[in-house]
Amino acid sequence: RRNDNDRNDDQNRRNVESRISVKRQIIYYSRRLVIIGNQTKLAGEVIVDDFATISSTVLVHQFCRIGSYVMAQGGCKTTKEIPPYIIAAREPISYCGINSVGLNRRAFTKEQIDAIQQTYRLLYMSGLNVSQAVAQIEETLPQSVERDLILDFVKGSPRGIVRGYN
């Protein structure tokens, strides 16, 4: 017959084992504020960049990356990467515009927001495929920190980025 101490030892061992298994699932968060809503599921080795906001019940596939200043709408799921500064919503998940409210709250200037908007207009609304749009952006838009961050994200995305809204 088992006594209470044996049951407590078994329970403690299970708690330690469950903590160890959670530590095996690696999720990389940035060092700055990231907001993640309740019941959001991030699979293994997801990267969440600075100041991203992920609403509740969002599902993110393993090895995906969520860019800086992103707002992901609740209830959506993604198997693609979400580039910086955008609102990602709908089902299937797609680009729905830039996160202008979040950018204003983080003290982005009107000129910076306009540059981001121009970059995404060419990327998502020009009718070009991604590689053509990247080349067009590099040729036509002046170099800026924001433009370069978007281009580096898109070029370095092994999974591809979320599609535009049709």
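Numbers here are sequence positions counted from 1.
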Contact check, side chains of Val130 and Val154, non-hydrogen atoms, under 4.5 Å: yes

Nearest non-hydrogen partners of Tyr124 and Pro83, listed with the distance: OH-CG, 3.7 Å

Any side-chain donor near an acceptor of the partner, Glu81 and Ser157, under 3.5 Å: yes

Nearest-0.5 Å distance that lies between atom SG in Cys64 and atom CD1 in Ile161: 12.5 Å

From CD1 (Ile137) to OG1 (Thr119), nearest 0.5 Å: 5.5 Å

With Asp114 via salt bridge (charged side-chain N to carboxylate O under 4.0 Å, His left out) - residues at least two apart: Lys110

Closest heavy-atom pair and its distance - Cys76, Ala88: SG-O, 4.3 Å

Phe108 and Tyr69 aromatic centres sub-6.0 Å: yes

Ser126 vs Arg121 side-chain heavy atoms within contact, under 4.5 Å: no

hydrophobic_cluster_shared for Ile35 and Ile87, side chain cutoff 4.5 Å: no

Check: Glu45/Gln62 side-chain N/O donor and acceptor closer than 3.5 Å: no

Main-chain N/O of Ala135 paired to Glu138 side chain as donor or acceptor, under 3.5 Å: no

Approximate separation, where rounding is to 0.5 Å, of Gln73 CD and Arg90 CZ: 7.5 Å

Check: Val134 and Ser131 side chains under 4.5 Å, non-hydrogen atoms: no

Interatomic distance, Glu146 atom CD to Ile98 atom CD1 [nearest 0.5 angstrom]: 10.5 Å

Thr79: partners by side-chain contact (heavy atoms from CB on, under 4.5 Å), with sequence neighbours left out: His61, Arg159

Residues Ile116, Ile86; criterion side chain to side chain contact (heavy atoms under 4.5 Å, CB included); working and verdict: CA-CA 9 Å; Ile116 293 166; Ile86 73 167; over 6 Å; no

Approximate separation, where rounding is to 0.5 Å, of Asp152 CG and Arg147 CZ: 9.0 Å

Side chain to side chain, Pro158 and Phe63, heavy atoms closer than 4.5 Å: no

Spacing of CG belonging to Leu141 relative to CG belonging to Asp148, to within rounding of 0.5 Å: 10.5 Å

Heavy-atom side-chain proximity of Ile36 to Leu42 below 4.5 angstrom: yes

Hydrophobic cluster identity match, Leu59 and Ile66, side-chain contacts under 4.5 Å: no

Heavy-atom pair with the smallest gap, counting every atom of Cys96 and Ala89: SG-CB, 3.7 Å

In one Ile/Leu/Val/Met/Phe/Trp/Tyr side-chain cluster, 4.5 Å: Met125, Ile93: yes

4.5 Å side-chain heavy-atom contact, Phe51 and Ser68: no

Close side-chain approach of Asn99 to Val70, heavy-atom, < 4.5 Å: no

Path from Leu128 to Ile150 over hydrophobic side-chain contacts below 4.5 Å: no

Working for side chain to side chain contact (heavy atoms under 4.5 Å, CB included), residues Arg65 and Asp49: CA-CA 8 Å; Arg65 181 175 174 197; Asp49 287 341; 2.8 Å; yes

Contact check, side chains of Asn38 and Thr40, non-hydrogen atoms, under 4.5 Å: no

Side-chain donor or acceptor of Ser56 paired with backbone N/O of Gly37 under 3.5 Å: no

Distance-minimising heavy-atom pair for Ser55 and Gly74: CB-N, 3.2 Å

For the student: nearest non-hydrogen atoms of Pro84 and Phe153, plus distance: CD-CG, 3.6 Å

Co-membership, hydrophobic cluster, residues Met71 and Leu123, 4.5 Å side-chain: no

Under 3.5 Å: donor-acceptor pair, side chain of Gln136, backbone of Leu122: no

Arg105, CZ atom: more than 12 neighbouring heavy atoms under 6.0 Å: no

